[in-house]
There are 2 protein chains.
Amino acid sequence: MIKMRTRIKELRARYELTQDELADIVNVSRRTMLYLEKGKYNPSLFLAYKVAKSLHSTIEEVFIIEDDGTSSPDGDALNLE
Amino acid sequence: MIKMRTRIKELRARYELTQDELADIVNVSRRTMLYLEKGKYNPSLFLAYKVAKSLHSTIEEVFIIEDDGTSSPDGDALNLE
DNA sequence: GACTAATGTAATATATTTATCACATAATAT
DNA sequence: ATATTATGTGATAAATATATTACATTAGTC
């Protein structure tokens, strides 16, 4: 099963940004930011780009797509395949 | 104006893949692949990831988001802002 | 020229992201 | 304990990526 996790929370903490503040910077609703952070959906490339840039990172540093080897869904993370 | 261009065509040529073949590899319709290649829309992060991996590249190598400094639309490239 | 493969376009339908708004819980401070 | 701020959830609506199908055009070959 392929899943996505993000380092948004960690990076937000580093820059002392609240979800709301980051959402504003990126021009997105707080809910979208929240769901993004929890890996609950598969954002558009441009949104991912803006989030990464706002956190002084690259897309691949912030959004981590991985195959965990299992075949059963795990929690409420986004199921990509 | 922020726009996106891609190096898909160039990389496809390097690996001698047709749009159709790459679309199959990535599990997407040929039309989606075509529009993606021309930067006509803003793919999901996971799709961008799969395309990049299929072309042995990173997302940031394949999808190039840039601000060209102008304020008027140019051609039919995707207008991201 | 005709033939074929590859690329491009158009119309419509479906799926999923994203917005909006309202409320619930957690954490922290006073 | 009560404010206050941050985080989380639910329902519904809007926007847009993507699928599907069929046809048009270009490039290359015979």
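A, B, ... follow the sequence lines: proteins, then strands. Residue 1 opens every chain.
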Query raised in the report: To the nearest Å, how far apart are Lys50(A) NZ and dT17(C) P?
Result: 17 Å

Query raised in the report: Is any side-chain nitrogen or oxygen of Lys40(A) closer than 4.0 Å to OP1 or OP2 of dT17(C)?
Result: no

Query raised in the report: Could you write nucleotides 19-30 of chain C as a row of B, S and -, 5' to 3', where a protein heavy atom under 4.0 Å of any base atom gives B, of only sugar-phosphate atoms gives S, and otherwise -?
Result: SB----------

Report task. Begin with the C-alpha distance, continue with both residues' side-chain angles, and end with the deciding distance and a verdict on side chain to side chain contact (heavy atoms under 4.5 Å, CB included) for Met33(A) and Ile8(A). Result -> CA-CA 9 Å; Met33(A) 198 56 238; Ile8(A) 295 177; 3.7 Å; yes

Report task. Determine, for Glu61(B) against Arg7(B), whether the closest basic-nitrogen to carboxylate-oxygen distance falls under 4.0 angstrom. Result -> no

Report task. Mind calculating the distance between CG (Asp24(A)) and P (dT7(D)) to the nearest angstrom? Result -> 13 Å

Report summary line: Closest of dG8(D), dT18(C), dA6(D) to the Thr18(A) side chain is dA6(D)

Requested in this report: Please test Thr32(B) against Leu47(B) for side chain to side chain contact (heavy atoms under 4.5 Å, CB included), starting from the C-alpha separation and ending with a verdict.
Outcome: CA-CA 10 Å; Thr32(B) 297; Leu47(B) 175 51; 4.1 Å; yes

Query raised in the report: dT5(D) phosphate, OP1 or OP2: any side-chain N/O from Gln19(A) under 4.0 angstrom?
Result: no

Query raised in the report: Is there a donor-acceptor pair under 3.5 Å between the side chain of Thr18(A) and the backbone N or O of Glu21(A)?
Result: no

Report task. Apply ring pair (Phe, Tyr, Trp, His ring centres under 6.0 Å) to Tyr15(A) and list each qualifying residue two or more places apart in sequence or on a separate chain. Result -> His56(A)

Requested in this report: Can you tell me the distance, in whole Å, between the CD1 atom of Ile8(B) and the P atom of dA6(C)?
Outcome: 18 Å

Report task. Round to a whole Å and report the spacing from CG of Leu47(B) to P of dA19(D). Result -> 8 Å

Query raised in the report: Donor-acceptor pair, Thr6(A) side chain versus Gly39(A) backbone, under 3.5 Å?
Result: no

Query raised in the report: Going by heavy atoms in the side chains, are Leu17(B) and Ile25(B) under 4.5 Å from each other?
Result: yes

Requested in this report: Measure from NZ on Lys9(B) to P on dT26(D) and round the result to the nearest Å.
Outcome: 13 Å

Query raised in the report: Donor-acceptor pair, Asn42(A) side chain versus Phe46(B) backbone, under 3.5 Å?
Result: yes

Requested in this report: In whole angstrom, give the distance that lies between atom CG of Leu17(A) and atom P of dA6(D).
Outcome: 11 Å

Report summary line: Double-helix bend of the helix from dG1(C)-dC30(D) to dT30(C)-dA1(D), axes at both ends from 5 pairs, round to 10°, gives 40°

Query - Glu60(B) (side chain) donor-acceptor with Ile59(A) (main chain) under 3.5 angstrom - result: yes

Query raised in the report: Considering only dT9(D), dG8(C), dT18(D), which nucleotide approaches the side chain of Lys38(A) most closely?
Result: dT9(D)

Requested in this report: Whole angstrom is fine here: how far is it from CD in Glu37(B) over to C1' in dT18(D)?
Outcome: 17 Å

Report task. Specify the separation, in whole Å, of atom CG of Asp20(A) and atom C1' of dT7(D). Result -> 10 Å

Query raised in the report: Relative to the 5' end of DNA chain C, which residue comes earlier, Leu34(B) or Ser44(B), by the nucleotide with the nearest heavy atom?
Result: Leu34(B)

